[in-house]
Amino acid sequence: MDLSFSPDDLRFRDEVRSWLGDAMPAGIRAKAEVDAHFEMEEVMQWHRILYGKGWVAPHWPTKFGGPGLSATQRFILTEELELAGAPSLSPFGLSMVGPAIMQFGTPEQQQRFLPKILSGDEVWCQGYSEPGAGSDLASLRTTATDDGDAFVLNGQKTWTTYAQYADWIFCLVRTDGSVKKQAGISFVLVDMRTPGVEARPMLTIGHTPAFCDTFFENVRVPKTQVVGPLHGGWTVAKALLGHERTLIAAVGHSQRAIRRVKRIAAAHGLLDDLAWRSRIARLEIQLEALQMANYRTLAGAALGHAPGPESSILKLRGSEIFQRAFELAMDVMGPDALAWFNQPGVVSELEQSVASTYCYNRATTIYGGSSEIQKNIIAKLILGLPGA
Amino acid sequence: MDLSFSPDDLRFRDEVRSWLGDAMPAGIRAKAEVDAHFEMEEVMQWHRILYGKGWVAPHWPTKFGGPGLSATQRFILTEELELAGAPSLSPFGLSMVGPAIMQFGTPEQQQRFLPKILSGDEVWCQGYSEPGAGSDLASLRTTATDDGDAFVLNGQKTWTTYAQYADWIFCLVRTDGSVKKQAGISFVLVDMRTPGVEARPMLTIGHTPAFCDTFFENVRVPKTQVVGPLHGGWTVAKALLGHERTLIAAVGHSQRAIRRVKRIAAAHGLLDDLAWRSRIARLEIQLEALQMANYRTLAGAALGHAPGPESSILKLRGSEIFQRAFELAMDVMGPDALAWFNQPGVVSELEQSVASTYCYNRATTIYGGSSEIQKNIIAKLILGLPGA
Amino acid sequence: MDFQLSDEQKLLRDSVRTFTKQRSPVTRFRKLRDHAGVTGDGWDRGLWREMGELGWLSLPFPEAAGGFGGTLVDVGLLLEAFGAALVPEPYLASVIHAGLALLRAGSAEQHARWLAPLIDGRSSLALAHAEAGHRFDPQPRSTTATRDGAAWRVRGAKQFVAHGQHADVLVVSATDGEQTQLFALPRDHAALRIDRVQTIDGLGAASVHIDGVVDDEHRLAGGDAALALDRAHDAAAAMAVSEGLGICQAVLELTVGHLRTREQFGVAIGSFQALQHRAVEMFVEVELVRSVAVLAAVRADEENDDLRRRAVSVAKAQLATGGRFVTQQAIQLHGGIGITDEHDVGLYFKRMHALGVMFGDEEHHVRRFAASPSFAPAP
Amino acid sequence: MDFQLSDEQKLLRDSVRTFTKQRSPVTRFRKLRDHAGVTGDGWDRGLWREMGELGWLSLPFPEAAGGFGGTLVDVGLLLEAFGAALVPEPYLASVIHAGLALLRAGSAEQHARWLAPLIDGRSSLALAHAEAGHRFDPQPRSTTATRDGAAWRVRGAKQFVAHGQHADVLVVSATDGEQTQLFALPRDHAALRIDRVQTIDGLGAASVHIDGVVDDEHRLAGGDAALALDRAHDAAAAMAVSEGLGICQAVLELTVGHLRTREQFGVAIGSFQALQHRAVEMFVEVELVRSVAVLAAVRADEENDDLRRRAVSVAKAQLATGGRFVTQQAIQLHGGIGITDEHDVGLYFKRMHALGVMFGDEEHHVRRFAASPSFAPAP
């Protein structure tokens, strides 16, 4: 048993750090320094820089353009990127539809789509949820009617994050309405420029346009854009969902958030106050414990093991800790937490985005499988408790 | 709207306080001073003193020997007794079977039983729960077979608190096995000296013999000892359960417990430590809020109103706060909380019973309708949420 | 002990509820908020005038000052209804926080000059008190007032002045080195610079810079300014609890309604036990906030400092924790739609955060409660 | 980074589990506890000897001192199994807390004299350190050691000395005014008075009064006693987390088993969603305790003070909160039977409380963590 990285891994970490020191543009670095919000163009700028280095998709197999890193190196890379405050890349292409196309797509689909996901030439978004069918994904109602060599889509998707910036959307649609819920669903890829597709941005409670309602009105989608078996989209979706969960522990983001809380507390003269210091320490202790659970998952993955029971708690607890970190930042700011975002001169640079992020972060225990859904799954699959 | 007591009520409070100053025996006073555990004989000694004053059953109607106090006076009396640390009287006669006999009993039953409950000549216990039927009371299996002028009881009751000291037990038994759960149950009174009755004390995790398993083997019970309609015991039981819940808020006990926490903290030199002081303050703030909810219930009762929605939270939150007060006492004691009870010389008088009470108090969120059952009831009856 | 409302109080409560329902439902708040950036208005002077005509703006002021002579319990009923409807008019900031400070510290002439127009609804006030770096200090520290002949030289900066961006008259706190002074200044006074600030609750506020000479007639000269401030903070804190109670109740109703009607997996989600129990935990907190709202409203007028402060701190701390829990869980139980700006639950959530912070946050009130003379036990 | 157990470690873990299953299930702890008042024994010297023969008592000691040269990770595996079975033999108190203090502070001859019999299972040790009024101070404050010619005059009182009521040799901490000294004294030494104390976990402890002259040969003379104590506390804290992990896991299994089999209202209570979610919250805490148990076991031997203390404090604080939650909820979910002494869940609950307190409670470790040099952020 060993908690340290091997000399090779440490060398790799140094390489990442030194590269980050050189490669991060001044504008992004300045924003990272104060944990400011990145605009989509900055995210894509950073995507292309990582692409240039070959590190944009550390988890992709080499045959599709991945860098061939070990599991530990992948972990180190992710952690260092998070700790440096680099922009988070959009996961929809790199971590969701990309791997789905690798696993379920035809060679033609792989050739057509994967290179442009990697390069960032095509930006993706996700069309799963529908109004009135949040966690109960299988009750979706967007229809795809057979029309020769194409399907014709009609319906509405919601919570399509950053659809306003996307070139493509992957969707679950109902291709057979005669069978029961999970059956009859297909996984299709839709060009956002197809006539009849419209993405209408919605404001969140953080007052950022993070997601859209996306409408489909008689949208023709060639049958070559179905991924996996016709009516077999549920299998593709399930494979993606499992992947999504492990993305969201985001220990590095929470570490950075706690670091920010401490810096704000120091600026307010509260870091030497026993009560405030202890509140921050209690949260950091919880995060350190979660980080160890994260390391256990990583070490298992490095050995090629499937994620163990400890991985199921990562999303559940990770999202709570991330929320609490921003709640604590608000509490430390005290009266200054009355300020809404982008109020330069009223609160410090470090504090600009706290209120908006605090509000929007209520979503972390809802999206990607709500905490309640996670608990249902753990109760059933891990603890073996009987169904209701 | 007025939060103060009327001049008359204040006079009554002074009367209670002054009487308590005179009437409480030195031995009981000394124990109350350090919140020590009272033995059953001390409880009954105090019962008889209150009986002598006419205050043993403040909530009984005058025609059955009650003192004819107003609702506010009853509240003041209860609060002052709690604040003085007087022994808590056994509720089974005074607050449970007594009121049931008043409401459902025959005049003969009332004459036979009520005076001795009042005087303390007969001590009662409760036979509701059975092994394997905790919160699901209606699934009980103790049978009462018709045998002419008597029923013959066979079965086992559990959590019969202080049955080892009791002269009588009131039981729910199945008088008709052919109908469904709630139907076919009767409410019977059993003399503990009847042949075939055996109470075996059990230790709790606080290592006190607080309750018994009570066995019935061919126990003959005259039919005159059925209270309320034959097979109609569920109605009697339900009337009692509602009453039980409002007993358990025990704000005065929690106030006394927090006072004890502060005294222990002061003795350990921790009351001037910001962190400890704030922890105690946070709990006391919650208790003050609960006390206001309690006052609202009281004021409603004084006007003859049925308890409003606020009363349903009293047991739920009151039991949690009482638990937390003892948990905090343990935390304040720190290393001294390693001591088990009755370790004179090792920890102070004030601390003697803390560990045992902390352990046993885990029961307060279980008995009298567990917190989970309370929440089910509130969800259904107050919030109107649909059944599962 | 009596928790019954008088007939007059019931009448007041019902008329305020009817008013908010007809004239100022939550949609109105949203509309004003969304247009505030364009037109500069987040409230309606016409409606304020109407409130004056209805007598509501006179509620907490004594008859001698032209008021109705009501109690904070009466005001609490009004603010509870205002909270439930997110009424954007600055009752808490103008009538309670600034108005009560002006009442206690001002002379009869000053009441006539600045309170009377407020009571009529022809004017509004704001209390410019909080200073950067001093969190919830009840007295001014960095804003100074120095004698300058017959006048005063006042200098300093105030932050998050609720309604300061719109108020006609700002009541500014300052220290003369020995004691606290309050100055009532019209917004166009040369010593003032008022900058608009956006706030989390959408109501906005002002940063106020003061630097200039102020005639002595502006100095409130009818009472102890330090005491007036202290009492105004407590009254405002108590009334924030009433407004918060209105929010809690509205949010609980929204959530229970959602649980009853929203279906997933073929059944109403309100039939899932885990969600039922969460709703019950929300209900418990709402009932506790309701209980302490009464406590604070009654005791905020109490002369005994220990009794008053204990009660107000209990209530404000309970609102901060309970109100936060209720609104956070309301979002969680609403799921995705709770995260959108278009759903009301987020508006309530953000106003609740502001109410939790204003006039002292949880940490402040816990410390004040723990420092109260009655906290330490008799030996 | 590697969380795999070596083959030797797996073998050790399996053999300890087999041993506890066959030789020391929870029923044995209960029997010894219930008879401790009568016979004075809460443990079994024969079984201790067997543990010595199996080599377990030698695990953390270097070969030079006659030990096996294992790591605290190895010991952690053993204590996890001991925790799950509530093995009453004083491994944590004797081998870890007292043994490691003696190892670091003692000379080679002193190792031969006092450690060797421990390793063989012919003797047991206890560390008499804690003093009334000093909570979790790592160094002795009120017990004094004064030079008295060639000997020492030692005077003071120690409380809650785990296993002190049975140990053959007590390691006593004292201050000579400048630095910490440790003395190894046989229990019948004239300077000692040992009084039995009952403890919440049923294992008992001793109050130890020291007053007398102690020959210099008893003074541990092979290393820095203050450092030895400090490191022994950290090692013991880390190993308490492993023992606590065993309890957590056992309690979770008991509870899940109960939820699966116990029926109410005609169905298994484990089908109620609110109870399912509670069980999941327990599971989360157990997994976190499992994670920090590894962290602490690996880092408790770390020479870098900041790294070691941070890791140990994280782990011990997490055990205190998580372990308490898990055992409290286990009782709640068991309902009435969980409150009876005859059910095992209460035994676990009480041992967990003791483990949460020993070697520093949550408040202590949070404060230590918050005071660590690495806590403050880079500017």
Side-chain angles (χ1 to χ4, degrees), chain A residues 129 131-139 158-159 181 202-211 213 267-270 273 275-276 279 323 327 330-343 345-347 355-356 358-363 365-367 370-373 375-376 379 388, chain C residues 34 130-136 159-160 162 195-205 207 262-266 269 271-275 278 320 324 327-328 330-343 345-347 349-350 353-354 356-358 360-364 366-367:
Chain A
S129 294
S135 295
D136 183 10
L137 216 52
S139 69
T158 190
W159 327 130
K181 291 172 85 174
M202 276 191 288
L203 285 177
T204 70
I205 55 173
H207 234 248
T208 46
F211 41 68
D213 275 324
H268 284 256
L270 297 180
D273 178 290
W276 287 107
R279 278 171 73 169
Q323 285 183 341
E327 196 170 334
M330 294 289 277
D331 289 344
V332 166
M333 286 170 66
D336 289 356
L338 289 169
W340 199 219
F341 67 113
N342 294 336
Q343 302 294 297
V346 178
V347 295
S356 169
Y358 166 65
C359 291
Y360 179 62
N361 270 2
R362 300 318 304 173
T365 48
I366 295 173
Y367 62 44
S370 71
S371 294
E372 290 78 12
I373 294 284
K375 288 180 184 173
N376 287 346
Chain C
D34 291 345
E131 297 165 339
H134 293 281
R135 284 183 102 81
F136 306 104
Q159 62 174 11
F160 300 111
D195 294 311
R196 175 182 297 257
V197 171
Q198 285 196 310
T199 56
I200 187 170
D201 55 11
L203 288 176
S207 291
R262 168 92 157 126
E263 294 200 353
Q264 255 180 23
F265 306 106
I269 60 174
S271 66
F272 296 131
Q273 194 189 31
L275 304 194
R278 196 90 52 82
R324 177 178 286 187
T327 51
Q328 286 183 345
I331 291 177
Q332 182 71 24
L333 294 182
H334 273 84
I337 53 162
I339 301 295
T340 64
D341 182 67
E342 68 193 35
H343 198 284
V345 74
L347 303 178
F349 168 75
K350 289 186 274 192
H353 183 86
V357 167
M358 287 160 77
D361 62 6
E362 196 251 3
E363 185 75 33
H364 171 81
V366 167
R367 290 185 188 203

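A note on names: the letters A, B, ... follow the listed sequences, proteins ahead of strands, and every chain is numbered from 1. Heavy-atom basis, side chains included; hydrogens, waters and symmetry copies ignored.
Per-residue heavy-atom pair counts under 4.5 Å with chain A were compared for Ile331(C), Ile269(C), Val345(C), and the maximum is reached by Ile331(C). Here Ala337(A) is the residue among Gly269(A), Ala337(A), Ala210(A) with the most heavy-atom pairs under 4.5 Å with chain C. With chain A as the partner, the residue from Val197(C), Asp341(C), Ile337(C) showing the most heavy-atom pairs under 4.5 Å is Asp341(C). Options His364(C), Glu342(C), His353(C) differ in how many heavy-atom pairs under 4.5 Å they form with chain A, and the most are formed by His353(C). In terms of non-hydrogen atom pairs under 4.5 Å with chain A, the most contact-rich of Arg367(C), His334(C), Arg324(C), Glu362(C) is Arg324(C). Taking chain C as the reference chain and counting heavy-atom pairs below 4.5 Å, the highest number among Cys359(A), Ala355(A), Gly345(A) is found for Cys359(A). Contacts with chain C were tallied for Gln323(A), Arg279(A), Lys375(A), Glu327(A); Glu327(A) has the most, counting heavy-atom pairs under 4.5 Å.
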- Item | Test side-chain contact (heavy atoms from CB on, under 4.5 Å) applied to Asp331(A) and Glu363(C), step by step | CA-CA 9 Å; Asp331(A) 289 344; Glu363(C) 185 75 33; over 6 Å; no
- Message: Before you tell me yes or no, could you show the steps for Asp336(A) and Phe160(C) under side-chain contact (heavy atoms from CB on, under 4.5 Å), namely the whole-Å CA-CA distance, both residues' side-chain angles and the distance that decides it to 0.1 Å?
- Response: CA-CA 8 Å; Asp336(A) 289 356; Phe160(C) 300 111; 3.5 Å; yes
- Query: Should Arg362(A) and Ile339(C) be marked as a side-chain contact (heavy atoms from CB on, under 4.5 Å) after you check the CA-CA gap, both sets of side-chain angles, and the distance that decides it?
  - Reply: CA-CA 7 Å; Arg362(A) 300 318 304 173; Ile339(C) 301 295; 3.8 Å; yes
- Task: Take Trp340(A) and Thr199(C) through the side-chain contact (heavy atoms from CB on, under 4.5 Å) test and state the conclusion after the steps.
- Result: CA-CA 5 Å; Trp340(A) 199 219; Thr199(C) 56; 5.5 Å; no
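Neither the backbone nor the side chain of Asn342(A) has a heavy atom closer than 4.5 Å to any heavy atom of chain C. The contact between Gln159(C) and chain A is made entirely by side chain atoms (from C-beta outward), counting heavy-atom distances below 4.5 Å. Residue contact with chain A, scored on non-hydrogen atoms closer than 4.5 Å, involves the backbone and the side chain of Ala354(C) alike. When heavy atoms are compared at a cutoff of 4.5 Å, Asp273(A) approaches chain C solely by way of its side chain, counted from C-beta outward.
A donor-acceptor pair is defined here as one N or O able to donate and one able to accept, closer than 3.5 Å; no such pair exists between the side chain of Gln198(C) and the backbone of Gln343(A).
Closest approach of Arg135(C) to Pro335(A), counting heavy atoms only: CA-CG, 3.9 Å.
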